[in-house]
Amino acid sequence: SRTFIRPVYNLAKSVMPKISDTERAALDSGTVAFDGDLFTGDVSLKKIVDKYKAVLTPEEESFLNNETEVLCEMLDSHQIDRDQNLPPKVWQYIRENKFMGLVIPKSFGGKGFSGHAHAKIVEKIAGRNGAAAVTVMVPNSLGPGELLHHYGTPEQKAYYLPRLAHGIDIPCFGLTGPPNGSDAASMRDEGIVCVENGVLGMRITCNKRYITLAPVATVVGLAFRLSDPNKLLTKGKEGITVALLPTEKNQFAPNGLPGLKIGNRHDPLGAAFMNGTVQSLRADVVVIGGEERTGFGWNMLMECLGEGRGISLPALGLASSRLAVLGVGGYARVRKQFKVPIAAMEGIQEKLAIIGANTFTIAAAQSFFDAILADKQKPPVLSAIMKLHCTERGRQSVNESMDIIGGAGISKGPSNFLAGLYVGMPIAITVEGANVLTRSLISFGQGLNRSHPHLLNMIEAIRKGNDLKGFNAEVSNILRHAMVNLGRSLTRFAGVQLKSKSDVSAPSILPHLAWQLKSKSDVSAYYEAHMSRLAANFAFCADVGLSLGGGLKTAEFLSARYSDVLSNLYLGYACLWYHAQNKNVKGIDQMLDLAMSRILVDAQEALMGIFQNFPVPLLGPLMQLATFPRGREYNPASDKLRAKVADVITSPTELRAFLTENVFVSKKADDRVAMIARAVSECYEADRIMLACRKERRQPTKAEQGKIDAAEALREQIIQVDSFPTLANKVHKDKWMEPTWKVQPIDPKVAAAAHH
């Protein structure tokens with residue numbers, strides 16, 4: 001066997017992907033969680049329902065319902081946009097009430113909240129104002145606080161963490177520069193190890209941009225490439241390093257850092273959050289964790305910041321989609337055209353159904369991810385999927401909402417609750433790893449190497465140089481894994497073909513497939529069967545993809561499609577898990593049906609794209625033959641289902657309340673979202689009264705007429721939009737608008753002749 005395996009080993013060594021230092025750090029960071037289950041091709045819904053729970057503690061619930069509500073009531077989005085800053089009283093409230101220290105442990109003065117609480121708090125604030133949400137989000141996910149907690153020296157923790165928790169210090173983190181966005185390896189920011197006055201240190205030259213909170217930061221976390229030309233380091237190493245740069249004098253920088261320059265602001269599409277540049281010329285710095293942590297910066301970043309990527313930005317997407325259900329769904333019930341609510345028009349229902357399905361899917365994904373974090377997992381692959389798909393679906397919900405509310409969405413002012421989200425969603429799409437690269441390079445590429453049960457072990461065997469025994473074992477494992485999932489694909493394909501959506505139970509002749517043959521009347525079991533089939537399909541096709549070796553890493557079209565399948569598997573199981581946690585909500589079966597219909601279609605289309613474009617001859621058709629021999633089998637949801645869901649989420653129903661449960665509604669009577677929230681019930685009841693009167697051919701009673709009049713008055717208020725005497729304090733009609741030129745009138749006879 002040794003003679004046989006050597007050529008295969010040499011071939012694998014030549015085609016296996018080369019792993020860079022930054023990729024190695026990513027692979028070594030965090031944990032493999034549910035993503036590992038997906039790569040096995042055999043997922044147990046019962047296992048994940050029993051294992052993962054996302055709940056708030058009483059203290060977290062109290063903070064969400066009290067301090068967070070107070071903060072939201074203080075926010076005037078229109079004025080914040082005009083001022084391009086939060087009011088001083090809002091800054092003070094955020095800092096004094098430890099909104100910047102949500103995840104810092106209580107032992108250091110923070111709140112010590114869970115990831116689930118972090119997500120819920122950011123989500124509620126984001127539905128009110130994006131700038132405030134970002135101001136709270138960054139210190140808890142992208143700032144140096146978590147890095148200090150995990151890697152800081154005792155002295156660094158003792159000094160900085162209490163100050164960060166209490167909002168005395170405002171943090172920011174500088175990673176992106178002109179040459180490097182997602183490509184950290186091209187970073188040009190440099191630190192040189194040196195000795196000055198007998199003290200070992202380093203001097204940094206950097207040019208960072210797009211750094212949130214930088215213009216107001218008092219402590220800057222900074223990533224740079226460290227070099228040690230004089231071999232002065234005794235504990236650490238060269239490489240990407242993370243340091244702290246205070247903007248003011250403190251015990252770590254008694255003389256301050258005169259070479260550090262912050263304060264310049266970017267203007268991110270007019271959004272009012274603080275974002276700007278960080279520049280440094282020969283600044284002396286302190287490494288987080290001390291000398292022994294030099295050169296380990298990328299590992300530290302991947303370990304800590306990846307978790308936040310799966311919490312904060314997805315929370316913005318969920319807030320956008322929830323607000324769309326509450327505000328836009330409500331507006332569609334209130335607004336009438338052609339004497340009927342626009343919610344009754346099929347063109348509007350089509351868009352409302354998309355918003356409803358997106359909201360359910362994002363909420364499921366967020367809660368499921370939070371539950372995985374609560375299980376002490378830190379899954380970077382799932383956090384990438386979360387950021388990618390929650391922000392994309394959030395953007396889609398906002399875009400569909402703009403189409404529904406029309407002029408009310410494009411007319412800025414205090415009454416417009418959607419414009420800020422419409423402007424802000426492209427920012428969420430771009431930051432923390434642009435979605436286009438996350439999809440085509442990261443989520444599947446990193447997932448395959450990290451989450452596949454055998455691939456990383458085979459790569460390690462190759463890297464060792466001559467581990468033929470280990471290599472042989474892992475090749476055998478991969479081949480066995482592929483064959484097992486080929487078998488699962490075939491049997492599960494057969495299982496789902498033998499059932500009908502109207503069948504109540506499985507045929508007795510196939511008791512071993514009974515778990516697959518449930519009726520769609522048991523909507524969860526129906527979709528569990530199809531998800532199980534797709535999981536096996538994905539695992540088998542991923543193993544076939546290994547035939548491309550390192551070529552798969554650069555085949556971005558193909559990798560993106562694999563990413564789509566993997567992501568939809570996660571979203572699908574998240575929806576099934578979420579449904580199981582909330583199955584008593586009336587109408588949730590229809591919501592699950594609609595959400596899962598899209599997920600199955602999206603996964604199917606991605607697989608078809610893989611089959612049609614796989615570069616190795618015959619392998620694409622062979623994969624299809626094993627997984628989808630009949631071609632496309634999944635179709636979009638029916639018009640009837642979409643219309644039903646659209647009606648449910650625009651009416652005063654339990655499902656509408658469930659989908660909008662964490663949206664802030666102001667107590668101010670003239671707040672537009674509060675008016676819509678109140679009007680849905682009033683207008684719905686008034687419309688039912690008028691319909692009953694028409695059917696019964698009678699006039700409304702005095703009490704009924706009172707309800708109709710009150711609803712119509714509220715409806716009239718809600719459909720108004722803002723207007724202003726001037727914009728930007730500039731007169732728009734003055735003497736300069738008067739023409740200084742003249743024109744001679746045309747003879748009427750000439751005009752009449754020209755007309756004929």
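The model shown is predicted, which means the values in this text are computed figures rather than measured ones.
Ring pair Phe34/Phe368: centre-to-centre distance below 6.0 Å.
Listed for the Asn140 side chain is a donor-acceptor partner under 3.5 Å among the backbone atoms of Phe99. Judged by distance alone, with hydrogens and angles left aside, the side-chain atoms of Glu556 form no donor-acceptor pair with the main-chain N or O of Leu441 at under 3.5 Å. Using modelled atom types, no side-chain atom of Ser141 and backbone atom of Ser312 make a donor-acceptor pair closer than 3.5 Å. Ser451 places no side-chain N or O within donor-acceptor distance of the main-chain N or O of Leu448, the cut-off being under 3.5 Å. The backbone N or O of Asp81 sits less than 3.5 Å from a side-chain atom of Gln84, completing a donor-acceptor pair. Formation of a donor-acceptor pair under 3.5 Å by the Glu432 side chain with backbone atoms of Arg309 is not found in this model. A donor-acceptor pair under 3.5 Å is absent between the side-chain atoms of Ser567 and the main chain of Asp564, judged by distance alone. At distances below 3.5 Å, not a single donor-acceptor pair connects side-chain atoms of Lys111 with backbone N or O atoms of Gly101. Remark: the backbone N or O of Gly297 is not paired with any side-chain donor or acceptor of Thr241 at under 3.5 angstrom. For Arg209 (side chain) and Thr176 (main-chain N/O), no donor-acceptor pair under 3.5 Å exists by modelled atom type.
Qualifying salt bridge (charged side-chain N to carboxylate O under 4.0 Å, His left out) partners for Asp169, counting only residues two or more places apart in sequence or in other chains: Arg163. Listed by chain and number, the residues in a salt bridge (charged side-chain N to carboxylate O under 4.0 Å, His left out) with Asp189 are Lys208 (sequence neighbours excluded). Checked against side chain to side chain donor-acceptor pair (under 3.5 Å), Glu474 has the following partners two or more places apart in sequence or in another chain: Asn477. Looking at residues two or more places apart in sequence or on another chain, you find a side chain to side chain donor-acceptor pair (under 3.5 Å) between Thr212 and Asn275. Remark: Arg393 pairs with Asn358 by the side chain to side chain donor-acceptor pair (under 3.5 Å) rule, at least two apart or across chains.
Closest heavy-atom contact between Pro144 and Ile288: CB-CD1, 4.4 Å. In terms of heavy atoms, Gly445 sits closest to Ser559 at N-OG, 4.2 Å. Taking each heavy atom of Leu318 and Glu123 in turn, the nearest pair found is CD2-OE1, 3.2 Å. Asp228 and Glu238 make their closest contact through N-OE2, 2.5 Å (heavy atoms, listed as atom of the first residue, atom of the second, distance). In terms of heavy atoms, Ala165 sits closest to Ile104 at N-CD1, 3.7 Å. Scanning both residues, Pro179 and Ser186, for their nearest heavy atoms gives O-OG, 3.1 Å.
Proximity of Leu455 to Phe39: side-chain heavy atoms (C-beta onward) are nowhere separated by under 4.5 Å. Using a 4.5 Å cut-off on side-chain heavy atoms (C-beta onward), Val134 and Leu213 make no contact. Between Pro615 and Leu548 the shortest side-chain heavy-atom distance falls below 4.5 Å. Looking at heavy atoms from C-beta onward, Leu71 lies in side-chain contact with Ile125 at the 4.5 angstrom threshold. A heavy-atom distance below 4.5 Å is found between the side chains of Asn129 and Leu86. You'll find the side chain of Leu147 reaches within 4.5 Å of the side chain of Phe173, heavy atoms only. Between Phe224 and Glu190 the shortest side-chain heavy-atom distance does not fall below 4.5 Å. Considering only heavy atoms from C-beta on, Cys172 stays 4.5 Å or farther from Ile262 through its side chain.
Between Ile121 atom CD1 and Phe113 atom CZ the span is 5.5 Å, to the nearest 0.5 Å. Taking OG1 of Thr31 as the reference point, atom CG of Asp35 lies at 7.5 Å (rounded to 0.5 Å). Interatomic distance, Ser443 OG to Tyr570 OH, rounded to the nearest 0.5 Å: 13.0 Å. Of the inter-residue distances, the one linking Leu244 atom CG with Gln156 atom CD reads 6.0 Å to the nearest 0.5 angstrom. To the nearest 0.5 Å, the span separating CG on Asn399 from CE on Met425 amounts to 9.0 Å. Atom CG in Leu161 sits 5.5 Å away from atom CG in Leu148 (nearest 0.5 Å).
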Pair Leu316, Thr391 - check side chain to side chain contact (heavy atoms under 4.5 Å, CB included), show working.
CA-CA 7 Å; Leu316 298 184; Thr391 55; 5.9 Å; no

Quick one, Val278 with Leu260, criterion side chain to side chain contact (heavy atoms under 4.5 Å, CB included). Give me CA distance, side-chain angles, the key distance, then yes/no.
CA-CA 8 Å; Val278 174; Leu260 178 63; 3.9 Å; yes

Hey, mind stepping through Asp543 and His452 against side chain to side chain donor-acceptor pair (under 3.5 Å) and telling me if it holds?
CA-CA 9 Å; Asp543 285 342; His452 190 284; 2.6 Å; yes

Step-by-step side chain to side chain contact (heavy atoms under 4.5 Å, CB included) determination, Ile94 to Met100:
CA-CA 7 Å; Ile94 286 172; Met100 291 184 169; 4.2 Å; yes

Working note: Leu175 + Met187, criterion side chain to side chain contact (heavy atoms under 4.5 Å, CB included); need CA distance, chi angles, decisive distance, verdict.
CA-CA 9 Å; Leu175 176 61; Met187 188 187 303; 3.7 Å; yes

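Atom OH of Tyr210 has 12 or fewer neighbouring heavy atoms from other residues, nucleotides or ligands inside a 6.0 Å radius. Counting heavy atoms of neighbouring residues, nucleotides and ligands inside a 6.0 Å radius, atom OH of Tyr422 does not exceed 12 of them.
No side-chain donor from either of Asn568 and His389 sits under 3.5 Å from a side-chain acceptor of the other.
Between Phe444 and Tyr562, the two ring planes are parallel [angle under 30°; tilted spans 30° to 60°].
Annotation: side chain to side chain donor-acceptor pair (under 3.5 Å) contacts involving residues 247-272, sequence neighbours excluded, comprise Tyr160-Asn250.
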